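Working notes, beginning with the structure itself.
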Amino acid sequence: MGLSKGWASNIWLAGPLTGFFVAPIVGSLSDKCHLALGRRRPYMIAGLLLLAVVSTTLACSHYFGSAGLPVAITMFVMMDGTINVIQTPLRALIADFAPLEQQATGQLMASTFQGVGGLLGYALQKYLWKDPLSILVLFLVVLAINAVFIGGTCILVKEEHFPAKEDDNEASIIEPFVHLAKSIKHLTGKLMIVGACVFFCWWALFSWWPTSSTWYMTIVMKGCCEDPSEAGYNGQCTTETYGYCLQGQDINANANILANVAQIVIGLTFALLMNRGILVRVRFVWSALLVFGSVILIGSKFIKGSWFAYLVGVGMAVPISGINAFPFAIVGSYNQVASETDDLEKAAVDNEDMKKKEELEVGSQFGLLNLFIVVPQIIATVVIGQLRDNFGDEGLSWAIFAA
């Protein structure tokens, strides 16, 4: 639709920016929701309805003529927001229903189902998206799948109704950000280390995800991705180089499908090992996964060929599986240790008050963890956008190498 290469990277800012603002607001409002349907399900249903409107408008944006590109960008940003409206209460259901000793296993299972969703998404994209005009069919199919699973969750998961009390404070949009700022001073050394690791992990991921498809098409296969058969084309692409681009696109799709299969296997394996008590020191396993990811990303700058491209694409499932689960598991384990060594304080405080205090502390730490996730996404996206504007696609290989 005419978007420059730099802005094709910058538009990925929509995810972290909307996540930074929407996720804490929806989380805070759902915590204080007193509807008979429950706290989380009303927001999941509202998010699904918003997603239907926004995704359909995005798919049809090419019908808006000269306003098509602004409409598409606006809907793309809004779609990220609606996904957060759905995703935030879904994640909260793990904390609501899973007992403390199964929180880490729950995070690993969430990572596993992310792989399932990614596998399904890439498969649908590969077989349903033949040209830009067929994206409406793809979006409608994805929307129908979301409706089935979100609707099934809302029907099968029965939430407890929390009626409003006279002394309850009204939910404030500003409250989660004020609470987040106050919590920074309470960070311990261990949590700072986890936060720093998470920061650079997400810097690496956002150097890879927005650029991987272009890396396959133009760096690995040395393709040119402008169709020379279009009427009036006067560029440098040939039929041969355009064919290389399509081959790279195919490698990208296949590698992503295999990567999601790998993420499912890895997530299920680690969840089983943790549930059986075999996997205990998760920080060492996480470190090993990150080292593996670093090696293949560094190798991508120097080793070429479709076989290594597959290894990089599929191998990235290894660190991603750990990044999506282990930081949350480590923070949860630190809170378990802290709660076990604080028995005297618990004995002196009313059980209900202590429960609220613990929830507040855990919520603060997870909120801060989210900060270490979204900030590097914003920085990496801006940096990569500048690299692409100044150095073209060659800048991508250096961005991935740095990651």
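Throughout, residue positions are numbered sequentially from 1 according to the sequence presented. Since this is a predicted model, take the numbers as computed values, not measurements.
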### Message
Would you compute the distance between atom CD1 of Ile86 and atom CG of Leu49 and round it to the nearest 0.5 angstrom?
### Response
9.0 Å

### Task
With sequence neighbours excluded, tell me which residues meet disulfide (SG to SG under 2.5 Å) with Cys154.
none

### Query
Between atom CZ of Phe200 and atom CZ of Phe372, what is the distance when rounded to the nearest 0.5 Å?
10.5 Å

### Task
Just say parallel, tilted or perpendicular for the rings of Trp202 and Phe206, cut-offs at 30° and 60°.
tilted

### Message
If you define the side chain from C-beta out and look only at heavy atoms, does anything of Arg41 sit under 4.5 Å from Thr153?
### Response
no

### Task
List the steps, then state whether side chain to side chain contact (heavy atoms under 4.5 Å, CB included) holds for Ser300 with Phe308.
CA-CA 8 Å; Ser300 68; Phe308 189 74; 4.3 Å; yes

#### Entry: Audit row: Cys60, Leu136, side chain to side chain contact (heavy atoms under 4.5 Å, CB included) steps and yes/no
CA-CA 7 Å; Cys60 297; Leu136 178 59; 4.0 Å; yes

### Task
For Ile400 and Leu297, work out which heavy atoms get closest and say how close.
CG2-CD2, 3.6 Å

### Query
Atom CZ in Arg40, atom OG1 in Thr88: separation rounded to 0.5 Å?
10.0 Å

### Query
Between the main-chain N or O of Trp208 and the side-chain N or O of Thr211, is there a donor-acceptor pair closer than 3.5 Å?
yes

### Query
Distance from Met217 atom CE to Lys222 atom NZ, nearest 0.5 Å?
15.0 Å

### For the student: nearest non-hydrogen atoms of Gln263 and Ser321, plus distance
CG-OG, 3.3 Å

### Query
Do other residues, nucleotides or ligands put more than 12 heavy atoms under 6.0 Å from Phe64 CZ?
yes

### Message
Using side chain to side chain contact (heavy atoms under 4.5 Å, CB included), reason through Tyr43 and Cys33 one step at a time and then give a plain yes or no.
### Response
CA-CA 9 Å; Tyr43 287 90; Cys33 181; 4.2 Å; yes

#### Entry: Shortest non-hydrogen contact between Val314 and Ala255, atoms and distance
CG2-O, 3.8 Å

### Flag side-chain contact, heavy atom, 4.5 Å: Asn256 against Asn252
yes

### Query
Hey, what do you get for OG1 (Thr56) to CG (Leu140), rounding to the nearest 0.5 Å?
5.5 Å

### Query
Any side-chain heavy-atom pair from Leu290 and Ile323 closer than 4.5 angstrom?
yes

### Query
Atom CG in Leu273, atom CG in Leu268: separation rounded to 0.5 Å?
11.0 Å

### Query
Does CE in Met79 sit with more than 12 non-hydrogen atoms of other residues, nucleotides or ligands closer than 6.0 Å?
yes

### Any Phe149 side-chain heavy atom under 4.5 Å of Leu90 side chain
no

### Task
Could you tell me whether the side chain of Leu37 reaches within less than 4.5 Å of the side chain of Glu159, counting heavy atoms only?
no

### Message
I want to check something: taking the side chain as every heavy atom from C-beta on, are Tyr216 and Asn254 in contact at a cut-off of under 4.5 Å?
### Response
no

If you look only at distance, which donor and acceptor atoms sit under 3.5 Å apart when one is on a side chain in residues 66-75 and the other is two or more places apart or in another chain?
| residue | atom | partner | partner atom | Å |
| --- | --- | --- | --- | --- |
| Thr74 | OG1 | Pro70 | O | 2.8 |

### Query
Would you say the side chain of Trp286 lies within less than 4.5 Å of the side chain of Cys201, judging by non-hydrogen atoms?
yes

#### Entry: Under 2.5 Å between SG of Cys245 and Cys225
yes

### Message
Is it the case that atom NZ in Lys301 sees more than 12 heavy atoms from other parts of the structure closer than 6.0 Å?
### Response
yes

### Summary
Scanning both residues in full, the closest heavy-atom pair of Ile251 with Ala309 reads CG2-CB, 4.5 Å

### Task
Taking all heavy atoms of Cys237 and all of Glu226, pick out the closest pair and write down the distance.
CB-O, 3.3 Å

## Note on the structure
Closest non-hydrogen contact found for Ala147 with Leu48 is CA-CD2, 3.8 Å

### Task
Apply the side-chain contact (heavy atoms from CB on, under 4.5 Å) test between Thr18 and each candidate in Thr82, Asn84, Ile83; give the one that qualifies.
Asn84

### Query
Is there a side-chain contact between Ser229 and Thr239, using heavy atoms and a 4.5 Å cut-off?
no

### Query
Would Asn260 and Val116 satisfy side chain to side chain contact (heavy atoms under 4.5 Å, CB included), going step by step from the backbone distance to the final call?
CA-CA 7 Å; Asn260 281 284; Val116 174; over 6 Å; no

